[in-house]
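Only one structure is covered here, and it is reproduced in the block below.
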Amino acid sequence: MNHPTRVLAVQGTLALDLRGGRPGLPDTPELEPPGPARLPHVADAEVRAWAARLAQAVVEAVGGQRPVSQLVRWTAPNVYRDLERRVQLVRRAAEGARTIRPQVRSVHVCRPTPTCAEVSVHVRHAARSRALAMRMERRGDRWQCTVLEFA
């Protein structure tokens with residue numbers, strides 16, 4: 001019996017598979033899934049889960065817990081360059097400081113077109129909160145972050 005072989009794109013030291021290797025959202029104790037009356041369309045649920053995984057990887061990279069090189073495939077060149085710059089700035093500013101792992105708390109998706117999603121993400125850093133805004137566009141068989149803003 002032949003089983004399909006799954007190929008992972010490996011960058012840096014670890015594989016980062018945002019194509020749905022781990023279903024659902026990252027572990028977020030305070031995040032509640034939508035109730036039955038507010039259930040999104042299946043495609044929106046896929047985008048929401050993908051955006052949550054990408055946002056978690058982004059904040060981990062900026063915080064120094066993940067190599068930024070793992071995001072090269074999932075981000076447009078301008079977004080990747082900005083992330084590399086942010087990683088360097090945070091690394092210099094946080095030298096010797098204890099790092100707190102950030103955690104995605106909520107993700108909201110707006111779909112202006114079937115191949116585009118605008119996403120807002122609430123990220124928690126200990127007692128502080130931040131927001132991310134992402135624009136994702138469908139590129140062939142995968143989503144790619146084409147705009148990323150930190151607030």
- Quick one: side chain to side chain donor-acceptor pair (under 3.5 Å) partners of T146, sequence neighbours excluded? E137
- Item | Nearest-0.5 Å distance, CZ of residue R135 to SG of residue C110 | 9.5 Å
- List for me each residue that meets side chain to side chain donor-acceptor pair (under 3.5 Å) alongside D82, sequence neighbours excluded, and say none if there are none. R85, R86
- Task: Output the distance between atom CE (M136) and atom SG (C116), rounded to the nearest 0.5 Å.
- Result: 9.0 Å
- Decide whether V147 and V62 are clustered together by the hydrophobic rule: side chain heavy atoms of Ile, Leu, Val, Met, Phe, Trp, Tyr closer than 4.5 Å, transitively. no
- Message: Test of understanding: clusters of I, L, V, M, F, W, Y form through side-chain heavy atoms closer than 4.5 Å, transitively. Do V79 and L89 belong to the same one?
- Response: no
- Do the side chain of Q144 and the main chain of W74 share a donor and acceptor less than 3.5 angstrom apart? no
- Note on the structure: Value for CZ (R139) from SG (C145), rounded to nearest 0.5 Å, stands at 10.5 Å
- Message: Looking at R73, is its backbone amide N or carbonyl O close enough to the side chain of R142 to form a donor-acceptor pair, meaning the two atoms are under 3.5 Å apart?
- Response: yes
- Message: For E149, is the CD atom crowded, meaning more than 12 foreign heavy atoms sit under 6.0 Å from it?
- Response: no
- Message: As an exercise, state the distance from CD of E118 to CE of M134, rounded to the nearest 0.5 Å.
- Response: 11.5 Å
- Query: If every non-hydrogen atom of A117 is compared with every non-hydrogen atom of P112, which pair is closest and at what distance?
  - Reply: CA-CD, 4.3 Å
- Heavy-atom closest contact (V68 atom, Y80 atom, distance): O-CE1, 3.2 Å
- Verify, without hydrogens or angle tests, whether R111 (side chain) and P114 (backbone) share a donor-acceptor contact under 3.5 angstrom. yes
- What residues, two or more places apart in sequence or in another chain, satisfy side chain to side chain donor-acceptor pair (under 3.5 Å) together with R130? none
- Query: To the nearest 0.5 Å, how far apart are CG in L54 and CG in L148?
  - Reply: 7.5 Å
- Query: How many angstroms lie between OG1 in T115 and CH2 in W143, if you round to the nearest 0.5 Å?
  - Reply: 6.5 Å
- List the steps, then state whether side-chain contact (heavy atoms from CB on, under 4.5 Å) holds for L132 with V59. CA-CA 9 Å; L132 296 179; V59 295; 4.0 Å; yes
- List in chain and number order the residues that pass salt bridge (charged side-chain N to carboxylate O under 4.0 Å, His left out) with R81, two or more places apart in sequence or in another chain; answer none if no residue qualifies. none
- Not counting sequence neighbours, which residues clear side chain to side chain donor-acceptor pair (under 3.5 Å) with E60? List them please. Q56, R66, R101
- Message: Quick check: closest heavy atoms across A61 and V87, and the distance to 0.1 Å?
- Response: O-CG2, 3.4 Å
